[in-house]
Structures are given as C-alpha cells and as structure tokens.
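FYI, the numbering just counts along the sequence from 1. In listed order, ligands and their atoms are each counted from 1. This is a predicted model, so every value here is computed, not measured. Hydrogens, waters and symmetry mates are skipped; everything else that's a heavy atom, side chains included, is used.
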Amino acid sequence: MLRAGRLAVREKHFLTGAVADMARYIFITGGVVSSLGKGLASAALGALLQARGYSVRLRKLDPYLNVDPGTMSPFEHGEVFVTDDGAETDLDLGHYERFTGVHARKTDSISSGRIYSNVLEKERRGDYLGKTIQVIPHVTNEIKDFLRIGEEEVDFMLCEIGGTVGDIEGLPFFEAIRQFIHERPRGQSILMHLTLLPYLAASGELKTKPTQHSVKELQSIGLAPDVLVCRSEHPIPDREREKIALFCNVRKEAVIPAYDLSTIYEAPLAYHRAGLDQAVLDAFGISPAPKPNLDRWTDVMDRLTHAEGEVRVAIVGKYTQLEDAYKSIAEALTHGGMANRVRVKAEWIDAEIFEREDPAPWLEAFHAILVPGGFGERGTEGKIKAAQFAREKGVPYLGICLGMQMAVIEAARNMAGVTRAGSEEFDHEKGEKRFEPVVYHLKEWVQGNHTVSRKADDDKGGTMRLGAYTAMLAADSKVAEVYGDTTIEERHRHRYEVDIKYRDRLEKCGLIFSGMSPDGRLPEIVEWKDHPWFIGVQFHPELKSKPFAPHPLFADFVRAAKEVERLV
Ligand code: GLN
C-alpha cells in the first residue's frame with residue numbers, strides 16, 4: 001500500500017520527470033556541546049515516523065579518521081556495535097536498532113577515515129586519472145554516494161552527523177550535505193539541529209546565545225535548520241521559544257524542547273508530546289499527516305514504570321569506569337527486566353578485584369552474575385573466579401564471548417583437570433607460552449558458502465569473526481528451550497574460539513556444548529547440565545535485544561535471577 005508521504009514524493013518526481021521513489025532525507029546535526037543525545041533524538045524520531053506508518057533507515061556519519069571504531073578502546077569510544085553484515089560501528093547504531101527494530105547494515109555507518117581511504121584507493125587504481133584530488137568534489141562526492149545508498153527502499157533516511165558544527169573534521173560532511181540538499185528537488189531534505197540552552201542559576205535564566213551562535217555557524221557554511229531541538233534542564237518559557245525562532249530563522253512550532261528523561265525509552269513519547277514528529281512532517285509539507293500509533297511505546301513505558309521488585313545483577317568486567325562500554329548489555333538487561341516486569345539493577349564490578357580478594361563477599365549480594373566480552377588478559381583471572389563462584393553456588397550466570405571463554409577455562413582447570421588451561425590470546429599478548437590453549441586463535445572458518453582465512457600477523461582492524469552466524473542448538477538443551485528454536489542467528493566479534501578437542505572431556509564433567517556452528521567445528525554455546533541457569537555464548541545476544549522484543553536469553557536470565565529472589 002502506498003502511504004500518504006510516499007505518494008507525495010512519487011508525484012513530485014512524476015511532475016519533474018526525475019526518477020521515482022526517492023527517500024526524504026533528515027540530517028541531524030549538533031551544536032554548542034557534544035553528548036546532547038543526538039543519537040537518541042534521531043532514534044526516537046525514527047520510531048515516531050514508523051508510528052505514523054513510514055519506513056525509515058538511520059545512518060551515522062562520523063568525522064574521525066579511524067576507518068571504523070573497531071580498533072578504538074571502549075574507554076575512549078564506548079561500545080563497538082556490530083551489524084549483521086559484520087560492520088564494527090558506533091554505539092549510536094545500537095540506539096537506532098533498539099528504537100526502530102530496523103537492522104543496520106555496513107552502509108549505515110561511515111567515518112572520514114573510510115571516505116578518505118575509499119578516495120585514495122580509487123586514486124591509486126586510476127579512477128580519477130589526470131585529475132587533482134580535492135575535498136570538493138572528490139571527498140564530497142564520495143560522501144554523497146554513500147548518502148544515496150538504498151534510498152529507493154525507504155520513506156525517510158535519517159542521517160546523523162557526529163561531533164558538533166564547527167569541528168574541522170566535520171566540514172567535508174557539512175559541505176556534502178549542503179550540496180546534496182541543493183541538488184535534490186526542493187522540500188525533500190530537512191535539517192534538524194540539536195543545541196543546548198544553558199541555565200544560569202545566578203540570574204535564573206536560560207541562555208539562548210550559544211544556540212544562536214551555533215545556528216550562525218551552520219548558516220556560514222550554507223545550511224539552515226528547519227527544526228531546532230533544544231536540550232534544557234529547565235522548562236523553556238514561551239517567550240524564549242519565540243526569541244529562538246526569531247533569531248535562528250525557524251518557525252516557533254519547530255523549536256522543540258528536550259528535557260532530561262527518567263529513561264531513554266521515554267524519548268519517543270516525550271518528543272511526540274513536544275511536537276517533534278509534527279514539526280518534521282510540517283517541514284516537509286506533508287499534510288494531512290498520518291495519525292501516529294504509539295501503542296508500542298506506551299506499552300514499553302508501562303512495563304518500565306510498573307515493575308515489581310528488583311533483581312541485582314553483578315557485571316564482572318574490565319571497562320567498568322565507562323558505562324557506555326557495555327551499553328547494549330545494560331539495555332538488554334533492562335529489556336529482560338521488562339519481560340519479567342521487574343527492575344534490574346546492574347552493578348559493575350572490576351574483575352581485577354577478584355584477583356586479590358575472595359569474590360564470595362562481593363557476589364553473594366547478587367541474584368545473578370554476568371561476565372561480558374572483552375579483550376586482553378587483564379582481569380581474566382578474576383572473571384574465571386566469578387564463573388567458578390556461579391557454578392559452585394548455583395547462581396545464574398550469563399557469559400558473553402570472553403565471559404563464555406572464561407567459563408570454559410574455569411571448567412577445564414577445576415573440573416576436567418587441564419590445570420594449565422588458558423587462552424592463546426593472553427600468550428600472544430605477552431609473547432610467552434604459559435597456557436594450554438583451550439581457547440585458541442581461529443585461523444579458518446566458514447561464512448555462508450565461503451571460507452575465511454586469517455594469519456597471526458594480520459592487521460587488527462576488521463579481521464575478527466564478525467557479524468551474524470548461524471548456530472545449531474541441541475534439541476534437549478536449556479538454550480533450545482529458552483530460544484524456542486534449534487536454529488538461531490547471532491552476531492559475533494572475536495578472534496579466539498573454544499577448541500572442540502576438549503568437548504568430550506568437558507561434557508563428561510557436565511559442561512554441555514549445546515550450540516555449535518552448522519559445520520560442527522565451532523562451539524557457540526556451553527551450559528552446565530546440573531545448574532539452575534549457567535549459559536555461556538560465543539556471540540553477543542545483547543546486540544539484538546529491543547525494548548519491545550527483549551532477547552530470549554536476557555529475558556530468561558532475568559527470570560532465573562527473579563527465581564533466586566523468591567528463594568531468599
Ligand atoms: N578477546 C576474545 C576474542 O577475541 C573475546 C572477544 C569478545 O569478548 N568480544 O576471542
């Protein structure tokens with residue numbers, strides 16, 4: 001069925017003789033300061049357009065020079081979000097997926113580094129033979145080509161630009177957007193700009209000047225916002241909205257207040273109340289606008305605000321100072337709580353503590369233990385202790401990626417008599433040979449219908465086992481029950497793998513290899529047979545959890561934690 005908005009675009013193109021079926025573009029930029037919640041605003045707007053019956057895709061353009069965030073430390077950049085097709089992307093793509101349910105692709109994330117590396121590759125190949133390569137037009141053309149990918153598939157393409165306007169690195173992106181908007185039929189692209197209204201306690205005033213300046217900055221590079229989203233810790237009086245509208249050349253109804261929220265999942269309803277989706281549709285001249293159906297978000301909020309009781313989950317990890325480093329895990333736990341109508345209180349414990357102290361007094365306070373993914377040896381002995389505690393005490397345990405590998409090493413050392421069990425990753429790091437590699441460096445594996453090969457001295461960027469892979473589950477296993485299926489697909493991001501040759505010895509002790517790659521060579525899931533809930537997965541289930549569709553592993557993990565509560 002053609003929706004109202006789609007039809008309008010088609011007609012316009014019919015009249016101008018241009019190609020039919022082009023998406024409308026919404027560019028999202030930020031000013032004044034960083035960390036204003038641009039990603040969240042973009043994701044919430046995507047959800048609101050969906051609620052009005054439109055199809056959307058969200059994209060992130062990052063000005064930094066890394067080719068992708070895969071090699072950045074989680075301390076610096078937060079979590080690396082992995083797509084089904086194996087791209088290592090910014091954590092904002094996680095927000096996009098959690099709010100819209102639309103699975104991101106490689107082509108939904110780009111950085112200056114990638115753009116430049118594409119341009120330089122073409123230059124070496126001779127694609128521009130005879131030409132001098134310049135930011136305009138070569139770099140900007142590369143950006144515009146990227147923007148257009150898949151435009152025929154959706155009603156709205158939302159493109160968020162990382163950083164703030166005025167950053168040197170961002171300029172080619174802004175210039176490309178300026179050209180892009182100019183080259184397309186009028187009214188088919190809009191710009192939404194996020195700013196901050198700081199509050200001066202001494203005078204009790206909200207200040208609009210930084211917003212005016214950041215809009216001026218945009219105007220100086222040929223861009224003008226259609227919608228202004230103003231973050232503020234205090235209510236924005238009507239006269240301030242009028243003032244902003246006047247000075248920034250936007251309609252008053254398009255000045256959207258954005259206040260702090262108790263949970264990020266309130267964003268779609270809060271932005272709707274503030275008039276964001278209406279302002280966006282008005283800016284495109286879509287009238288009458290289709291009515292929104294917000295049931296999904298009222299249900300999400302109902303589950304969040306009417307939770308009974310609390311379960312406490314210990315997350316024993318390495319990157320504990322920065323919560324963004326495990327963003328998707330924190331969110332997936334919240335979703336697991338929503339599925340069980342219970343609040344989940346996650347506490348981060350630095351695994352290194354357990355290398356000095358007995359974990360029992362720390363962990364006894366929790367209903368469940370989660371050991372997340374990670375890289376490098378630091379903290380791993382502590383994670384092994386946490387896995388041992390969970391196994392011995394019957395506490396629900398979810399091990400993700402490195403958290404699964406540590407559970408297997410714990411089992412090998414303490415149950416199967418492989419006393420020197422360890423991961424090759426740690427020996428590689430130190431350049432020593434201390435461990436028996438129960439977890440080894442994977443050099444060859446099957447992806448779809450081809451074989452991927454790796455060498456020990458390969459580049460570090462983009463060479464892990466990345467993206468969605470199928471796993472086959474043993475029919476009588478706990479995981480098959482949890483998933484309600486025996487074939488699953490989950491996203492991976494790791495270089496090392498549990499060695500199948502230890503399977504028999506470990507299974508004899510009760511650690512069942514309940515999920516395997518389709519060729520039967522790669523262990524994907526392990527679980528302790530006689531344990532209330534102990535599951536280790538080689539993949540990252542947290543990446544696919546949504547507030548309106550909690551991931552079954554997280555939902556059941558929290559259910560098991562809740563059972564513990566009942567026993568207490
Ligand atoms: N460092 C481990 C590996 O590369 C685990 C990775 C992870 O937890 N994502 O296999």
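Ranking the protein heavy atoms by distance from atom 10 (O) of ligand 1 puts Y496 N, 2.8 Å first. Among protein heavy atoms, atom 7 (C) of ligand 1 sits closest to C401 SG, 3.0 Å. Closest to atom 1 (N) of ligand 1, if we only count protein heavy atoms, is E425 OE1, 2.7 Å.
Judged purely by atom type and a 3.5 angstrom limit, H531 uses its side chain to pair as donor or acceptor with the backbone of A390.
For ligand 1 and R495, the ligand atoms under 4.0 Å from any heavy atom of the residue are 3 (C), 4 (O), 10 (O). Every atom of ligand 1 is numbered from 1 in the order shown, and the set under 4.0 Å from a heavy atom of H540 is 9 (N). Near R493, meaning under 4.0 Å from any of its heavy atoms, are these atoms of ligand 1: 6 (C), 7 (C), 9 (N).
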Report the C-alpha separation of E88 and R493 in whole Å, then their side-chain angles, then the decisive distance to 0.1 Å, and conclude whether the side chain to side chain contact (heavy atoms under 4.5 Å, CB included) test is met. CA-CA 9 Å; E88 296 178 279; R493 180 173 185 251; 2.6 Å; yes
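At a 3.5 angstrom cut-off on N or O pairs, L402 counts as close to ligand 1. By the 3.5 Å distance cut-off applied to N or O atoms, G374 is counted among the residues near ligand 1. Checked by distance only, ligand 1 and E497 stay at 3.5 Å or farther apart across all their nitrogen or oxygen atoms.
By the 30° and 60° cut-offs, the orientation of the rings of F99 relative to H95 is perpendicular. Taking the six-membered ring for Trp and thresholds of 30 and 60 degrees, F548 and W297 have ring planes more than 60 degrees apart, a perpendicular arrangement.
E121 and S117 are not linked by any side-chain donor-acceptor pair at a separation below 3.5 angstrom, with hydrogens and angles left out of the test.
Checked against the 6.0 Å centroid threshold, F557 and Y397 do not count as a close aromatic pair.
Using a 4.0 angstrom heavy-atom cutoff, Q405 counts as in contact with ligand 1.
Partner of S545 under the side chain to side chain contact (heavy atoms under 4.5 Å, CB included) criterion, out of E331, R98, H551: H551 alone.
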